[in-house]
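Naming convention: chains lettered A, B, ... in sequence-line order (proteins, then strands); numbering from 1 in each chain. Computed from a predicted structure; not experimentally measured.
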Amino acid sequence: MSDDWFHLLNTISIAFFAISGALVAYEEEVDSFGVVVLAVITAVGGGTLRDVLLDQPIFWIAKPDYLYSTYGAIIVTVILIRLNSGISNRLMIGFDAFGLALYNVIGIEKALINETGMGVAITLGTVTAIFGGLMRDVIARKVPLVMRCELYATACIAGGLVYAGLLYAGAPYLWCIAASLVTTISLRLGALKWGWRVPIFKKDIP
Amino acid sequence: MSDDWFHLLNTISIAFFAISGALVAYEEEVDSFGVVVLAVITAVGGGTLRDVLLDQPIFWIAKPDYLYSTYGAIIVTVILIRLNSGISNRLMIGFDAFGLALYNVIGIEKALINETGMGVAITLGTVTAIFGGLMRDVIARKVPLVMRCELYATACIAGGLVYAGLLYAGAPYLWCIAASLVTTISLRLGALKWGWRVPIFKKDIP
Amino acid sequence: MSDDWFHLLNTISIAFFAISGALVAYEEEVDSFGVVVLAVITAVGGGTLRDVLLDQPIFWIAKPDYLYSTYGAIIVTVILIRLNSGISNRLMIGFDAFGLALYNVIGIEKALINETGMGVAITLGTVTAIFGGLMRDVIARKVPLVMRCELYATACIAGGLVYAGLLYAGAPYLWCIAASLVTTISLRLGALKWGWRVPIFKKDIP
């Protein structure tokens, strides 16, 4: 993946997560700069963990542009929320789905560039994709999306496996990325719309 | 900032946060060394994150003195709590405010020494100032202070902006530090005493 | 400690924590790969923090074998849970106790190899032993084990002190390790069975 593509996808995924963080802050009615803090943690949390684990410079410290686009996304979100008060929780989950899929692919790419194996790369993609939203939900004291029965981690891991399969089959990078994104987003949105589930444990509720 | 000043401010801020952690542990009635663990995480959590993000040696591993002063502060706090059973929640929030202001300035300073820009430095100051108390509240399952409507992140960011403004205006270091501390602490304590708020979102509660 | 011993103990402790994470996921009825994510975070969380703080390569990125044994332990656990539906919460706490004791000793060892002092090493052992289970409980929205009155942090710190005492007395490494493990596990299990406590704070409940 060229640097330009990496930069573009990273910026978009950060914006999606920043929006999801600002929407959660709206739900919880936090103070004004508390919105900014929750949105920033959601947006850069996963990528920060990724860079710490790979022992790379933290992306938003090395290139502050990422931080400034995060602030831009937050300000636009706050203005739009104030203009449209009927923001639904579904919208937040939609933005979260797009951020999740993008962060997943970026995490896998960056791990492979740093010469980890594919198993580590898929694990790192999933963990870093989940991490920002997980911190958002923990801080806001909501049930983390990953703990609900709605194909959350499953969608990430499926996206990673599709990426790995196409890469081993010799497909060009952009195809791998696109197929992984489509897999994760469609599983995630399908789970929300039609209630798709892959339960491991079925408890008999008496 | 000379090393001695840095050392002194760092030790004081760690002691404040250690005290706030021990007070929360007292509220929650944890077991004896659980108090120590919660207080240690609160005291060194933010600074540890700061050093990880800046890729510097972790301060309490490089200089164990910091760890031993943390233990000292915890032991003194535990003894004082046992002598005075009427400890209020307000006291905890007061110690938290002083720790917050100091950690904020130290984070900004250390970021600038490591040659980040001012935007990154203010972000890092706020995030690392908030982080220890955030972990304390998450572990103790309390509503994090940053999620309440009481100028928490706002006070940090205002302190950072005052620091940056005075620095650009050419004021000496100690003035920048002092003005930032006064700003953060007075906003925070004012919010607690007189209910100052800067709401972004106003929901009509039907 | 030789590399082989280190590898063996590390693998066992990871498996214990992976099992405890899968058991908590079972309690909470998460989706299928959500189980994997929660178990992976529990199993490698503490060791990841340890390696980040010591500025060492993350063990599961440097040696992916650790990650694959984690996945193996999770799959076996899931199969066993499906065969035996009567899994109790006590079993989870038992596995957690063994993982805790092992992670504690490994953390102390790895800190000493990286030439920290003994005070830092005991702190690092306790914090990294607690961290994986703490993330598990926070994500699953349970009261963290470390916040309950049941000798959790106390058992870790006692194990660390026994290790340090025997090491200074000139005992061979394996004895130090064995004595520390026995101390932590027996304190932890004794606390669960006979309700041992070391309260610091006694509140009069009116």
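- Within residues 53-61 of chain A, the residues having any heavy atom closer than 4.5 Å to a heavy atom of chain B are A/D55, A/I58, A/W60, A/I61, listed by residue number.
- Within the 4.5 angstrom heavy-atom criterion, no atom of A/A62 approaches chain B.
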Listing, residues 178-193 of chain B side-chain donor-acceptor contacts under 3.5 Å, not counting sequence neighbours, or none:
{"unit_1": "B/S180", "atom_1": "OG", "unit_2": "B/G159", "atom_2": "O", "d": "3.0"}
{"unit_1": "B/T183", "atom_1": "OG1", "unit_2": "B/A179", "atom_2": "O", "d": "2.6"}
{"unit_1": "B/T184", "atom_1": "OG1", "unit_2": "B/A155", "atom_2": "O", "d": "3.2"}
{"unit_1": "B/T184", "atom_1": "OG1", "unit_2": "B/S180", "atom_2": "O", "d": "3.1"}
{"unit_1": "B/S186", "atom_1": "OG", "unit_2": "B/V182", "atom_2": "O", "d": "2.4"}
{"unit_1": "B/S186", "atom_1": "OG", "unit_2": "B/T183", "atom_2": "O", "d": "3.3"}
{"unit_1": "B/R188", "atom_1": "NH1", "unit_2": "B/E150", "atom_2": "O", "d": "2.9"}

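- Per-residue counts of heavy-atom pairs under 4.5 Å with chain B were compared for A/I139, A/V138, A/V52; the largest is that of A/I139.
- Contacts classified as ring pair (Phe, Tyr, Trp, His ring centres under 6.0 Å) and involving residues 128-163 of chain A (residues at least two apart or in different chains) are not found.
- Across all their heavy atoms, A/G34 and B/A153 have their closest contact at N-CB, 3.9 Å.
- Of the atoms belonging to B/T126, it is side-chain heavy atoms, and not backbone ones, that fall under 4.5 Å from chain A.
- For B/L151, the parts lying near chain A are the backbone and the side chain together; criterion is any non-hydrogen pair under 4.5 Å.
- Interface residue B/V146: backbone and side-chain heavy atoms are both found under 4.5 Å from chain A.
- For chain A, the option among B/L124, B/V143, B/I157 with the highest count of heavy-atom pairs below 4.5 Å is B/V143.
- For chain A, the nearby parts of B/T123 are the backbone and the side chain; heavy atoms of each come within less than 4.5 Å.
- Judged purely by atom type and a 3.5 angstrom limit, A/R141 uses its side chain to pair as donor or acceptor with the backbone of B/R141.
- Heavy atoms of other residues, nucleotides or ligands lying less than 6.0 angstrom from OH of A/Y66 number more than 12.
- Scored by the salt bridge (Lys or Arg N to Asp or Glu O under 4.0 Å) test, B/D137 finds no partners at all (sequence neighbours excluded).
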